[in-house]
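One structure below.
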Amino acid sequence: MRRRARFAPCDVSSEQIGALVLKTQPLARPEPAVLQAAILRWVAEKGLSVLGWTPQAEQLRLRIQCATQWLPEEPWLAVDDAALLDSLSQWLLPQMSAVRDLKTLQSVDLVNALIHLLTWSQRQRLDSALPTHYTVPTGSRLPIRYHADKPPALAVRIQDMFGEATNPAVAEGRVPLVLELLSPAQRPLQITRDLAAFWRGAYPEVGKEMKGRYPKHP
């Protein structure tokens, strides 16, 4: 049977001999500062997975990690597990004013918590150099997927890249995106980090095949 996770200091006191519980009674709810300190100790013990990581928070963390690699001239703070667990009071505690239990802990806005690890200029540079989206020639804003151990990727329909001569890049031009070029039906056609070479090489054959399959599309 699955047991519900609990914070280290429980909300009842008990008298027991070994594993035999003789008596339990409720404890008064602790002061917010005491409770929050206990919750931070619990998170430090259990790990970051007990927090409510949304896709947006995970991507922000990955973008900061990527920035430390690709923009090393900027003094980015480390956001690996060890560093974040060591600095819980710096980035997580300020967002915990409403936290009283596991449910409210998992509702903490981790995007807002992590962004406060950056200076104003670092936030501006992160948004400029490692954007969350890329605007294709058709005007659509498509999400960029960042990864810890491989280049960032952009899934895009091939006709949305018509007019784009060279491969888009992030990190101020240092890191080309992996383009996952899709058919009008959103099916994979080609993966490339050199769009110019794709237009010169593989595209004529891909174009012929697409013209037969999707005659109504450009």
Side-chain angles (χ1 to χ4, degrees), residues 53-81 83-84 109-115 117-218:
W53 290 96
T54 63
Q56 293 79 9
E58 290 174 348
Q59 279 293 293
L60 173 58
R61 186 183 178 194
L62 285 167
R63 287 165 62 216
I64 298 172
Q65 288 178 313
C66 290
T68 63
Q69 301 175 47
W70 303 334
L71 306 170
E73 65 277 7
E74 187 81 40
W76 307 97
L77 291 178
V79 290
D80 57 274
D81 281 16
L84 288 182
D109 185 349
L110 296 182
V111 169
N112 196 43
L114 291 174
I115 207 70
L117 287 173
L118 307 179
T119 66
W120 175 252
S121 63
Q122 286 177 329
R123 297 181 204 180
Q124 297 293 100
R125 192 176 186 194
L126 186 70
D127 287 341
S128 173
L130 277 73
T132 59
H133 290 72
Y134 180 75
T135 302
V136 295
T138 56
S140 298
R141 289 182 73 249
L142 303 177
I144 299 171
R145 303 194 317 273
Y146 291 88
H147 306 276
D149 55 356
K150 56 185 179 180
L154 178 74
V156 54
R157 295 188 311 165
I158 193 170
Q159 63 264 48
D160 286 338
M161 297 303 290
F162 291 165
E164 191 81 89
T166 58
N167 209 92
V170 296
E172 299 168 352
R174 305 176 196 185
V175 182
L177 295 178
V178 173
L179 297 179
E180 300 171 354
L181 299 174
L182 310 175
S183 73
Q186 303 288 330
R187 293 174 181 166
L189 290 174
Q190 189 85 11
I191 295 178
T192 183
R193 292 188 79 192
D194 189 341
L195 187 61
F198 169 74
W199 291 139
R200 293 192 306 266
Y203 177 68
E205 287 301 316
V206 172
K208 289 179 184 178
E209 182 180 348
M210 287 181 62
K211 187 175 181 180
R213 290 187 180 184
Y214 310 101
K216 294 183 179 180
H217 290 267

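These values consider heavy atoms only, across backbone and side chains, with no hydrogens, waters or symmetry-generated copies.
With Glu172 contributing its side chain and Ser128 its backbone, the two residues share no donor-acceptor pair below 3.5 Å. Ser183 places a side-chain N or O within 3.5 Å of a backbone atom of Ala185 that can act as its donor or acceptor partner. Side-chain atoms of Gln122 come within 3.5 Å of backbone atoms of Thr119 as a donor-acceptor pair (strictly under, hydrogens ignored). A donor-acceptor pair is defined here as one N or O able to donate and one able to accept, closer than 3.5 Å; such a pair exists between the side chain of Asn167 and the backbone of Leu177.
Checked for salt-bridge contact, Glu58 and Arg61 miss the test: no charged N lies under 4.0 Å from a carboxylate O.
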Problem - Candidate pair Leu60 and Leu126, rule side-chain contact (heavy atoms from CB on, under 4.5 Å), full reasoning - result: CA-CA 9 Å; Leu60 173 58; Leu126 186 70; 3.8 Å; yes

Exercise for the section: Tell me, with the steps shown, if Val175 and Arg193 meet side-chain contact (heavy atoms from CB on, under 4.5 Å). Expected result: CA-CA 9 Å; Val175 182; Arg193 292 188 79 192; 3.8 Å; yes

Problem - Verdict with supporting geometry, Leu84 and Leu117, side-chain contact (heavy atoms from CB on, under 4.5 Å) - result: CA-CA 10 Å; Leu84 288 182; Leu117 287 173; 4.0 Å; yes

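The structure places NE2 of His133 at 8.0 Å from CG of Leu142, a figure rounded to the nearest 0.5 Å. To the nearest 0.5 Å, atoms CG (Leu182) and CZ (Arg157) are separated by 9.0 Å. Separating the CZ atom in Arg123 from the CD1 atom in Ile64 is a distance of 10.0 Å, to the nearest 0.5 Å. Note that CG of Leu130 is 10.5 Å distant from CD of Gln59, once rounded to the nearest 0.5 Å.
The side-chain heavy atoms of Pro152 and Arg63, taken from C-beta on, include no pair separated by under 4.5 Å. At least one side-chain heavy atom of Met161 sits under 4.5 Å from a side-chain heavy atom of Val136. The closest side-chain heavy-atom distance from Glu164 to Thr138 is not below 4.5 Å. Within the 4.5 Å cutoff, side-chain heavy atoms of Val156 are placed close to those of Leu181. Looking at Gln65 and Tyr146, their side chains never come closer than 4.5 Å, going by heavy atoms from C-beta outward.
Between Leu110 and Ala57, the closest heavy-atom pair is CB-CB, 3.8 Å. Nearest heavy atoms, Trp76 versus Thr68: CB-CG2, 3.5 Å. The two residues Pro176 and Ala169 make their nearest non-hydrogen contact at CA-CB, 3.7 Å. Taking all atoms of both residues into account, the shortest heavy-atom contact from Gly201 to Pro204 is O-CD, 3.2 Å. Here the closest heavy-atom approach between residue Ala171 and residue Trp70 is recorded as CB-CB, 3.8 Å. The two atoms that bring Ala129 and Val170 nearest to each other are O-CB, 3.5 Å, heavy atoms only.
Among Ile158, Leu179, Leu189, the single residue meeting the side-chain contact (heavy atoms from CB on, under 4.5 Å) criterion with Phe198 is Ile158.
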